[in-house]
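Below you'll find the structure, written out as structure tokens, and then a few comments.
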Amino acid sequence: MARTITFRSNELEISKKVKDIMEDKFKKNGFATSDKLESDTELVISVGGDGSFLKAARDLDFPDLPFICVNTGHLGFFAEILPDEAEIDYFIDCYQRMYFEVNEIDLLEIEILDNEGKTIKQAINELVVRGNRSRTAHLILHVNGNYMETFSGDGLIISTSTGSTAYNYSAGGSIVDNRLKIMQITPISPISTNAFRSFTSSIILPSEDSEISIIPEYKNEATIILVIDGEETKLSNVRSIKTRQSKKQVKLLRLSDYEFWDRVYMKFLKTYDYKADELRRR
Ligand code: NAP
């Protein structure tokens with residue numbers, strides 16, 4: 001039976017080109033390739049940026065299979081491979097020799113209750129709850145059934161440790177070592193006045209036994225915006241949004257030299273000229 005590699009790529013020309021090159025190389029090494037999940041898919045290769053990986057995992061419904069990301073995007077925090085031939089050859093060799101590790105990434109389970117009933121969603125990075133049409137969001141926050149605050153401001157981010165380097169970090173949240181099992185609640189532009197008072201910094205909770213509940217307090221219109229890993233939905237009459245650790249995980253294949261804090265340094269602090277790199281790749 002053929003060993004199948006499933007490929008997902010974004011619409012960039014470079015991504016399609018890299019996907020074709022990789023498919024060709026895998027086929028020459030005796031693998032079958034597909035754009036869909038097959039019953040014998042053993043690895044999913046996502047070609048693009050982090051956003052492409054988030055979309056691929058969501059579109060494939062978070063399968064119990066390892067993913068590896070090839071960075072043709074901008075940041076590539078999840079990526080293991082750069083899109084050059086030598087690196088692709090090195091990866092295929094490592095893969096066949098099984099010189100890799102598989103990291104399991106915890107997901108958030110998000111339970112949305114509205115007049116229609118319950119909907120369950122999963123997130124790799126985060127859930128964002130915002131007001132509709134840039135209105136102030138008023139959100140009643142409970143942790144494990146305990147009242148915490150009535151937040152007023154632009155919104156709340158509930159981030160995994162994996163998502164801590166994404167929107168959470170831009171909003172002033174902490175970068176968390178991705179071996180830690182936590183959920184981080186980070187306010188976006190909280191109002192802290194005599195009229196409205198909310199925490200102005202992040203709160204970090206153990207994810208294994210915590211449940212975060214948000215009840216929208218509607219003042220003008222009963223509509224809020226939920227953004228899950230960048231996918232936005234406008235919802236009306238949401239009664240509550242509960243977030244906890246999911247039973248599902250996503251697996252990321254790591255070559256043996258992966259180190260989280262090195263990745264943070266390389267992606268956040270090391271000076272890198274994106275424009276020069278883009279010109280070089282043309
Ligand atoms: P996007 O353009 O796909 O992503 C925005 C930036 O976030 C990109 O540079 C992306 O990397 C990077 N990114 C995604 N996940 C990351 C992670 N875990 N660690 C570090 N960087 C990460 O935007 P989108 O489609 O709206 O949403 C996808 C994700 O982007 C969301 O889950 C959210 O975390 C993040 N986002 C950030 C902001 C912000 O920082 N103000 C605003 C909206 C969304 P690539 O360049 O490799 O794609």
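Note that the structure is a prediction, hence the values are computed from the model and not measured. We count ligands from 1, going down the list as the structure has it; atoms in each ligand are counted the same way.
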task = Could you list the residues that satisfy ring-ring contact (aromatic ring centres under 6.0 Å, His included) with F268, not counting sequence neighbours?
result = F77, Y169
query = Does F78 come within less than 4.0 Å of ligand 1, judged by its heavy atoms?
reply = yes
inquiry  = Using only atom types and a distance under 3.5 Å, with no angle test, would you say the side chain of N146 pairs donor to acceptor with the backbone of H142?
reply    = no
Check: E259 side chain, W261 main-chain N or O, donor-acceptor pair, under 3.5 Å = yes
query = Hey, is G73 one of the residues with a heavy atom under 4.0 angstrom from ligand 1?
reply = no
task = Considering the heavy atoms of T162, write down every atom of ligand 1 situated less than 4.0 Å from one of them.
result = 18 (N)
task = For atom 40 (O) of ligand 1, decide whether some protein heavy-atom distance is shorter than 4.0 Å.
result = yes
note = In ligand 1, the atoms that come under 4.0 Å of a heavy atom of S170 are 39 (C), 40 (O), 41 (N)
note = At under 4.0 Å between heavy atoms, what of L54 touches ligand 1? The answer is side chain
ask   = Applying a 4.0 Å heavy-atom criterion (strictly less than), which segment of K267 is in contact with ligand 1: side chain, backbone, both, or neither?
value = neither
request  = For atom 11 (O) of ligand 1, grab the closest protein heavy atom and report residue, atom and distance to one decimal in Å.
outcome  = D50 OD2, 3.0 Å
key: atom 46 (O) of ligand 1: any protein heavy atom closer than 4.0 Å   = yes
query = Going by the atom numbers of ligand 1, which of them fall below 4.0 Å from some non-hydrogen atom of F77?
reply = 19 (N), 20 (C)
key: atom 13 (N) of ligand 1 touched by protein (heavy atom, under 4.0 Å)   = yes
note = In terms of its nearest heavy atom to atom 18 (N) of ligand 1, the top option of V128, N125, I175 is N125
query = What atoms of ligand 1 come within less than 4.0 Å of a heavy atom belonging to G49?
reply = 47 (O), 48 (O)
ask   = Any protein heavy atom lying closer than 4.0 Å to atom 5 (C) of ligand 1?
value = no
Contact (N/O only, under 3.5 Å) between G76 and ligand 1 = yes
inquiry  = Under 4.0 Å and counting heavy atoms only, is there anything from the protein next to atom 23 (O) of ligand 1?
reply    = no
ask   = Does an N or O from G51, backbone or side chain, lie closer than 3.5 Å to an N or O of ligand 1?
value = yes
